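See below for the structure under consideration.
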Protein chains: 2
Amino acid sequence: MKKVTMRDVAEHAKVSKSTVSQYLNKRYDYMGAETKKRIEEAIRVLGYQPNYVARSLKQKKTSTIGVIVANILHSFSTQVIRAIEDYCHEQDFHVIVCNADDDPEKERKYIEMLRAKQVDGLIVFPTGENLDLYDRMIEEKFPLVFVDRLIDQLPVRCVLLDNEAASELAVDHLADQGYRRIAIMTTSLERKITPRIERISGYRKALEKHGLEPKEEYIKSLEIPSMKEEVKNMLSLPEPPDAILAANDMALMEILSAVKDENIRVPEELAVVGIDEVSFASLFTPSITTVEQPAFLMGKEAAAMLLELTEKPERVAEKHVLRYEPSLHPRESS
Amino acid sequence: MKKVTMRDVAEHAKVSKSTVSQYLNKRYDYMGAETKKRIEEAIRVLGYQPNYVARSLKQKKTSTIGVIVANILHSFSTQVIRAIEDYCHEQDFHVIVCNADDDPEKERKYIEMLRAKQVDGLIVFPTGENLDLYDRMIEEKFPLVFVDRLIDQLPVRCVLLDNEAASELAVDHLADQGYRRIAIMTTSLERKITPRIERISGYRKALEKHGLEPKEEYIKSLEIPSMKEEVKNMLSLPEPPDAILAANDMALMEILSAVKDENIRVPEELAVVGIDEVSFASLFTPSITTVEQPAFLMGKEAAAMLLELTEKPERVAEKHVLRYEPSLHPRESS
DNA sequence: CCGGTTTACTAAATCGATTTAGTTAATGCA
DNA sequence: TGCATTAACTAAATCGATTTAGTAAACCGG
C-alpha cells in the first residue's frame, strides 16, 4: 500500500517526471494531446495524489498561514478567526490557529513552530512581550499583520478597533438616556493591553465631554474570578453606579451573572452596555445594548492584507494602522 | 537576507551537515564536547531555525492533523475543536481546521487538500456523502476518527453522544415536571444526519415510556430561517405544546427568539429545554435547562485516539463506537 | 605492537516534487 | 536543399533536512 509518486505516474505513462509535473501545473504549451491523455489515464488508474510537502520544499512556500490569538475565549477572537479562515480557504490558503492563552512563552513557542513549518505569513494578536521575535520578522520582511493590539514602536500592519470611539458610543448613549453614574469594568490587568487601555481612556474622555466626573471606584479592571464580587461591592457603595459598561464580552457575562444573583432590575436599577456583540444579546430579557466591533470585516481585511504582503514582502515594514469603527446596538438594557 | 540552512551551520562550525543533524536530534552518543559547543555557537550567531518542511519530506510525517467539521456554527463543534487543539498542542502536534459548511463538495476538497499536505491523520465530522474517500482512507490505513456522526457500514473509530439518552433525559425531566404536550424542533432536514435522527427517535421512545402519544405536529425539523415562524404556528395549534425540546443550540436560539417576539412566559406558558450547553444558559432569565454533551472530553478522546492510530495504523479499520453520556442541567425554564 | 573495538565524525543517497538547460525530431521558409 | 525555428519532450540539479554506510584515529588487551 505504498504511496504513488510522480515517478510512478511517469513510468506508467512512459514519459519523464518533468512532463508529468508540467501537466499537473497546466503548462500545456508544447504538450502532445496523446501524451496528455496517457498521463491523465496513469493518474487515474494509479490513484495518484500530489505531495504538497515536496512541492513546498522546492517552491519555498506552503500556502499556509498561521494565526496566533492571545486568548481564544473572547468571542471577538473566534469571529476574527472565522473570517480569516473563510477568506483564506477561498484563496486556497490553509490556516493553522494557535491559542497563546495570554502567555508570552506560549506565543514564542508558536511563532517559532509556525516559522519552522514555513508558513507564508502570520496574523498575531500580540501579547506584546516578544519584541525580539516581532523585530526579527519585520527585519526579515516576513509577512506579518497584528490584530487587536498595538505595539507602538513597531513598523507593522495593524488592524484594530477605534477603541476610544467604542467607549464613547456607549457613554454617549448612556448619558443621553439620563444615566450619570457610569461605571466601567474590564478583565485582565497585568500588561498594558491596547483595547483595555484605550477603552478606559475613551470612557474618561467621554465622561468629561458630558461634564461627568470620573470616580476611581467606578473604574475596575480585574480577573474573571473576582469580578462578580466587585459588581456587588460597587452596588453597595454609598453612591452606587446607575450604569455599567462591560469593556468586553467576558466582563459582560460576569456582570450579567452578578445581576441575576442579586436580582437587580435592568435597566431600572442598573443599565448594562457591553462592548463586543454576543450571540444572545437580542434574545435576552432585557435584550442587551451592545457596541459591536466589525469583527468579520477586520478578520477579512487582516487576511487580505497578509496575503498581499505574501506577494510584496518588501512592504512588510510599512506601518499602517487600520482603525475600524464600532457601531451601537441600542436595546432594552439601557 | 537569505535563509540560514543546516549547511551554513555546518560550514560555520566546521563539521558536516550530518553532525549538525545529529546534534539537533540530540543523538549525542559519540559527540565531542568541543564539537557540540561549536555547533551551538554557530546556531546562535547565524540565528539558524530548522525547516520542518524538509524534515517532513524525509521523515514522511508532518506532526500535523486535520479537522474537518461539518458545520462550525454549532457550539458543539467549536468546543470539540478547542479540546482537540489543546490536546494536540500539548503533544506537539499542529491542527488545521476546515469547515465543510455541510457541503459534501467542500468536504471532498478539504480531505484531498489535507491529504496532499500529508497530514498524519484526520478527525472528521462526516457529511456522509463521500463514501469513496472514507473507504479509501480506511483501506490505506490512514489514521481517521469520526465525530458526532455515524456512517454505519464503515469500520472506523467514532466518537459520539448517546443521542437517544439526551432526548430521554430531557423528556424524562419535562414529564416529571408535569408537562404532557412535548414538542421537538431541530435544524437540517436533508440528509440522514445521526444526531438529528437519534434525538428524534430517542424522543419518541421516551414519550412512549411515559405513556404520551407522539403527535406529528409536534415534531419539526426545518431550516433556520423558517424556524421562528414554525414555533409561532405550533403555539397557535388548537392544542399547542406546553414544552419544546430544542434538539441543538441553533434551534434553541430560534425558539428563544420566537418566545421573546411573542412575549410568551417561560416556563408558565411554555417550557424550554435545549440539547447542547450554551454560554448564556445560566445567565438567562429564566435560566435555560440544558442537556450537555461532554464536548471537551469527546474532543480530547478523539484526538488521543487519532494520535494513537498515528503510531498503530494497522488498527485504523477496527470499528469502535464510543458513546458518551449526556448530563442534565435543570434550570428555571422547565 | 597488532588486530579488534570504540569514538567521533563524514560522504552520499534519499524524500517527491519543480525547474532549467538541453536534446531530438519535425517544420518552415528562402 | 539547407539552416533556423518550433514542438515535444527529458536529464539532472535543486529545495533542506535525515539516515545509512563508511572512514579514520584513538584505545586496549594480550
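Lettering of chains follows the sequences in order, A, B, ..., and the numbering in each one begins at 1. Keep in mind that the numbers below use all heavy atoms, side chains included, and drop hydrogens, waters and symmetry copies. As the structure is a computational prediction, the values presented were derived from the model and not from experiment.
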Check: If you look at every strand shown and take non-hydrogen atoms under 4.0 Å, does B:Lys60 touch a base, only sugar-phosphate, or nothing?
Finding: sugar-phosphate

Notebook entry, point to check: Regarding B:Lys36 and the six-membered ring of B:Tyr28, is the cationic atom NZ or CZ under 6.0 Å from the ring centre and inside 45° of its axis?
Noted result: yes

Notebook entry, point to check: Salt bridge between A:Arg115 and A:Glu140, side-chain N to carboxylate O under 4.0 Å?
Noted result: yes

Next item on the list: Answer yes or no: is there an ion pair linking A:Glu40 with A:Arg44, defined by an N-O contact shorter than 4.0 Å?
Entry: no

Check: For DNA chain D, whose closest nucleotide is more 5', that of B:Gln22 or that of A:Gln22?
Finding: A:Gln22

Checklist line | From A:Leu57 atom CG to A:Arg55 atom CZ, the distance as rounded to the nearest 0.5 Å | finding: 12.5 Å

Check: Considering residues at least two apart in sequence or located in another chain, which fulfil the ring-ring contact (aromatic ring centres under 6.0 Å, His included) criterion with A:Tyr110?
Finding: B:His89

Notebook entry, point to check: For A:Thr5, which contact category applies under a 4.0 Å heavy-atom criterion: base, sugar-phosphate, or nothing?
Noted result: sugar-phosphate

Note to self: So for the helix from C:dC1-D:dG30 to C:dA30-D:dT1, with five pairs setting each end axis, what is the inter-axis angle to 10°?
What the structure shows: 50°

Check: Mind checking what makes side chain to side chain contact (heavy atoms under 4.5 Å, CB included) contact with A:Met113, not counting sequence neighbours?
Finding: A:Lys109, B:Asp92, B:His94

Notebook entry, point to check: What are the residues of residues 46-59 of chain A, sorted by number, that bring a heavy atom to within less than 4.0 Å of DNA chain D?
Noted result: A:Leu57, A:Lys58

Next item on the list: Would you grab the first and last nucleotide of DNA chain D (5' to 3') that comes under 4.0 Å of any non-hydrogen atom in chain A?
Entry: D:dA7 to D:dG16

Item checked: A:Tyr23 (side chain) donor-acceptor with A:Met31 (main chain) under 3.5 angstrom -> no

Notebook entry, point to check: Is a side-chain donor or acceptor of B:Lys319 paired with a backbone partner of B:Asp152 at a separation under 3.5 angstrom?
Noted result: yes

Next item on the list: May I ask you to say whether B:Arg315 pairs ionically with B:Glu308, meaning some side-chain N is under 4.0 Å from a carboxylate O?
Entry: yes

Check: Should the pair B:Asp132-B:Arg108 be classified as a salt bridge under the 4.0 Å nitrogen-to-oxygen rule?
Finding: yes

Note to self: With a 4.0 Å limit, can you tell me whether B:Tyr30 has a side-chain N or O closer than that to the phosphate oxygens OP1/OP2 of C:dA8?
What the structure shows: no

Margin query: Applying a 4.0 Å non-hydrogen cut-off, can you work out what A:Val20 is touching in the nucleic acid: base, sugar-phosphate, or nothing?
Written below: nothing

Notebook entry, point to check: Does A:Asp8 use its side chain to pair, donor to acceptor, with the backbone of A:Thr5 at less than 3.5 Å?
Noted result: yes

Notebook entry, point to check: By a strict heavy-atom criterion of less than 4.0 Å, which residues belonging to residues 31-41 of chain B are in contact with DNA chain C?
Noted result: B:Met31, B:Gly32, B:Thr35

Check: With distance as the sole criterion, is a donor-acceptor pair present between the side chains of B:Ser75 and B:Thr78 under 3.5 Å?
Finding: no

Note to self: Does this structure show an ion pair linking B:Lys61 with B:Asp120, if we count only N-O contacts that are shorter than 4.0 Å?
What the structure shows: no

